[in-house]
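As a basis for the values below, the full set of heavy atoms in this structure was taken, side chains included, without hydrogen atoms, waters or symmetry mates. Note that ligands are numbered from 1 as they come in the structure, with each ligand's atoms numbered from 1 the same way. Small disclaimer: the values here were computed from a predicted structure and weren't measured.
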Amino acid sequence: MTRLQDKIALITGGAAGIGLETARLFLAEGARVALVDLREDDLDAAAERLGGGDDVLCVAADVSSPEDTAAYVAATLDRFDRIDVFFNNAGIEGRVAPLVDQTIEDFDRVMAVNVRGAFLGLKHVLPSMIERRSGSVINMSSIAGLQGSANVAPYITSKHAIVGLTRAAAIEAAPANVRVNSVHPSPVNTRMMRSLEEGFAPGGGADMQKQLQATIPMARYGESIDIANLVLFLASDEAAFITGGQYPVDGGLAAG
Ligand code: NAD
């Protein structure tokens with residue numbers, strides 16, 4: 001018996017990085033998955049990498065848009081009839097600059113994708129879960145949702161907001177047996193991290209990587225599979241009594 005046998009999982013930001021790796025793991029554990037992403041080309045490539053077939057639905061959508069959110073949730077329900085697991089994962093890093101140099105547009109763009117997008121996803125997915133009295137939502141935050149750091153104030157703000165959103169949603173959904181938790185990775189080896197390294201040290205990515213890894217007690221970046229394994233546990237019935245929590249997956253960073 002696999003751990004997500006016959007479950008339906010919806011994953012935003014599913015065409016790359018942590019979202020794509022989680023989709024791969026979920027499929028291997030018996031789920032069918034709907035992948036939502038802004039980038040259509042990457043969605044096509046992701047579907048091919050995952051072996052395509054009827055177990056994978058791809059929907060191009062911008063999670064910050066109310067219309068797109070309603071459409072991607074409706075497309076998933078049309079195709080699979082229900083949503084058992086929602087990995088509310090899509091996010092952007094924003095610009096690397098001191099807070100005083102961040103513009104209103106910089107701030108609003110990050111908040112629109114990372115916070116409004118997560119809120120809209122919950123708003124549209126929760127009703128059918130509550131009606132069925134079953135479901136698990138995993139909201140993607142970050143170590144940046146538990147700690148501050150310099151030069152990424154909009155991102156830090158957005159990932160702290162995910163903690164509030166998770167706690168509020170968990171309390172409302174718990175009586176209906178629907179769980180809502182957040183995960184908090186330290187830097188993970190994905191395209192987003194390459195972009196942040198470049199923002200912190202233009203042209204000096206390798207040195208920046210060493211510096212950042214040296215701040216982590218386990219002295220390495222996470223790999224997408226490290227995060228996917230935690231998301232799988234929270235998605236599965238093994239986590240049936242776990243809700244409203246914040247779970248670091250960070251090589252010891254939050255312990256410092
Ligand atoms: P990634 O850039 O590899 O993947 C993110 C995906 O989200 C991309 O495919 C992108 O096209 C999609 N996306 C971006 N904006 C979108 C939008 N408006 N609508 C729909 N899709 C959109 O990055 P990743 O590292 O896999 O990041 C996934 C999540 O993990 C993000 O929320 C990120 O903040 C979080 N996170 C990442 C790290 C890290 O170091 N990589 C650490 C902690 C948390």
*Are Leu196 and Tyr155 close enough, and set up right, to give a side chain to side chain contact (heavy atoms under 4.5 Å, CB included), and what steps lead you there?*
CA-CA 11 Å; Leu196 280 167; Tyr155 187 73; 5.6 Å; no
*asked:* Is there a side-chain hydrogen bond (donor to acceptor under 3.5 Å, both in side chains) between Glu198 and Ser195? Walk through the geometry before answering.
replied: CA-CA 5 Å; Glu198 184 58 27; Ser195 158; over 6 Å; no
_Ala144 contact mode with ligand 1 (heavy-atom cut-off under 4.0 Å)_ = neither
*With respect to atom 27 (O) of ligand 1, which of Glu40, Glu197, Met192, His184 exhibits the smallest heavy-atom separation?*
Met192
*Are the charged groups of Asp81 and Arg32 less than 4.0 angstrom apart, N to O?*
no
*Asn114 and Ile162: side chain to side chain contact (heavy atoms under 4.5 Å, CB included), yes or no, with the steps?*
CA-CA 8 Å; Asn114 295 5; Ile162 294 296; 5.7 Å; no
*Using distance alone, determine whether Gly13 and ligand 1 share an N or O pair under 3.5 Å.*
no
*Please lay out, stage by stage, how Arg132 and Asn177 fare under the test side chain to side chain contact (heavy atoms under 4.5 Å, CB included).*
CA-CA 9 Å; Arg132 292 181 48 249; Asn177 191 40; over 6 Å; no
*Atoms of ligand 1 close to Gly17 [distance to a heavy atom under 4.0 angstrom, numbered from 1]*: 3 (O), 26 (O)
*Decide yes or no for Arg191 and Asp42: does some side-chain heavy atom of the first lie under 4.5 Å from some side-chain heavy atom of the second?*
yes
_Determine whether a donor-acceptor pair (N or O, by modelled atom type, separation under 3.5 Å) exists between the side chain of His184 and the backbone of Pro248._
no
_Please classify the Glu93 to ligand 1 contact at 4.0 Å (heavy-atom distances, strictly less than): side chain, backbone, both or neither._
neither
*asked:* Please work out, at 4.0 Å between heavy atoms, whether the side chain, the backbone, both, or neither of Asp62 comes within that distance of ligand 1.
replied: both
*Could you find the nearest protein heavy atom to atom 40 (O) of ligand 1 and give me its residue, atom name and distance?*
Val188 N, 2.7 Å
_Heavy atoms only: which of Ser186, Ser224, Ala46 lies closest to atom 42 (C) of ligand 1?_
Ser186
_Taking 4.0 Å as the limit for heavy-atom contacts, which would you say applies to Ser141 with ligand 1: side chain only, backbone only, both, or neither?_
backbone
*For atom 9 (O) of ligand 1, what's the nearest protein heavy atom and its distance?*
Asp37 OD2, 2.7 Å
*Can an N or O of Met140 be found at a distance shorter than 3.5 Å from an N or O of ligand 1?*
no
*Contacting atoms of ligand 1, where contact means under 4.0 angstrom from a heavy atom of Val113*: 15 (N), 18 (N)
*Determine whether the side chain, the backbone, both or neither of Thr190 has a heavy atom under 4.0 Å from any heavy atom of ligand 1.*
side chain
*asked:* Are Asn181 and Asn139 packed together at the side-chain level, in the sense that at least one heavy-atom pair is separated by less than 4.5 angstrom?
replied: no
*Compute the minimum heavy-atom distance from Ala61 to ligand 1 and say whether it is under 4.0 Å.*
yes
*Ion pair present between Asp237 and Arg3, side-chain N to carboxylate O less than 4.0 angstrom?*
no
_Top protein contact for atom 21 (N) of ligand 1, by heavy-atom distance_ = Leu38 N, 3.3 Å
*Would you say Asp250's side chain and Ile143's backbone share a donor-acceptor pair under 3.5 angstrom?*
no
*Numbering as shown, the atoms of ligand 1 that approach Met193 to under 4.0 Å (heavy-atom distance)*: 40 (O)
*Counting from 1, what ligand 1 atoms have a heavy atom of Pro187 closer than 4.0 Å?*
40 (O)
*Which ligand 1 atoms are under 4.0 Å away from a heavy-atom of Ala90?*
21 (N), 22 (C), 32 (O)
*Do you know the tightest heavy-atom contact between Ser65 and Leu120?*
C-CD1, 3.8 Å
*Going by side-chain heavy atoms closer than 4.5 Å, which hydrophobic residues are tied to Val115, directly or by a chain of links?*
Phe107, Met111
*May I have the step-by-step check of side-chain hydrogen bond (donor to acceptor under 3.5 Å, both in side chains) for Arg194 and Asn189, ending in yes or no?*
CA-CA 8 Å; Arg194 299 291 91 76; Asn189 243 333; 2.9 Å; yes
*What atoms in ligand 1 come closer than 4.0 Å to a heavy atom of Ala16?*
3 (O), 9 (O)
*Relative to ligand 1, is Tyr221 under 4.0 angstrom through side chain, backbone, both or neither, heavy atoms considered?*
neither
*Non-hydrogen atoms of Val56 and Arg79 that approach each other most closely*: O-NH2, 3.7 Å
_Electrostatic pair Asp6:Arg82 at N-O distance under 4.0 angstrom_ = no
_Nearest-option assignment for atom 14 (C) of ligand 1, heavy atoms, candidates Ile18, Ile11, Ile92_ = Ile92
*Where ligand 1 meets Gly91 - atom numbers and elements under 4.0 angstrom, heavy-atom basis*: 14 (C), 31 (C), 32 (O)
*Under a 4.0 Å heavy-atom limit, does Ser195 contact ligand 1 with its side chain, its backbone, both, or neither?*
neither
*Starting from atom 19 (N) of ligand 1, locate the nearest protein heavy atom and write down its residue, its atom name and how far away it is, to 0.1 Å.*
Val63 N, 3.0 Å
*For ligand 1, which atoms, with element, lie under 4.0 Å from some heavy atom of Arg39?*
11 (O)
_Please classify the Asn89 to ligand 1 contact at 4.0 Å (heavy-atom distances, strictly less than): side chain, backbone, both or neither._
both
*Donor + acceptor pair across side chains of Glu131, Ser128 (<3.5 Å)*: no
*Considering only non-hydrogen protein atoms, determine which one is nearest to atom 34 (O) of ligand 1 and report residue, atom name and distance to 0.1 Å.*
Tyr155 OH, 2.6 Å
*If you have a sec, work out which protein heavy atom is nearest atom 43 (C) of ligand 1 and how many Å separate them, to one decimal?*
Pro185 O, 3.3 Å
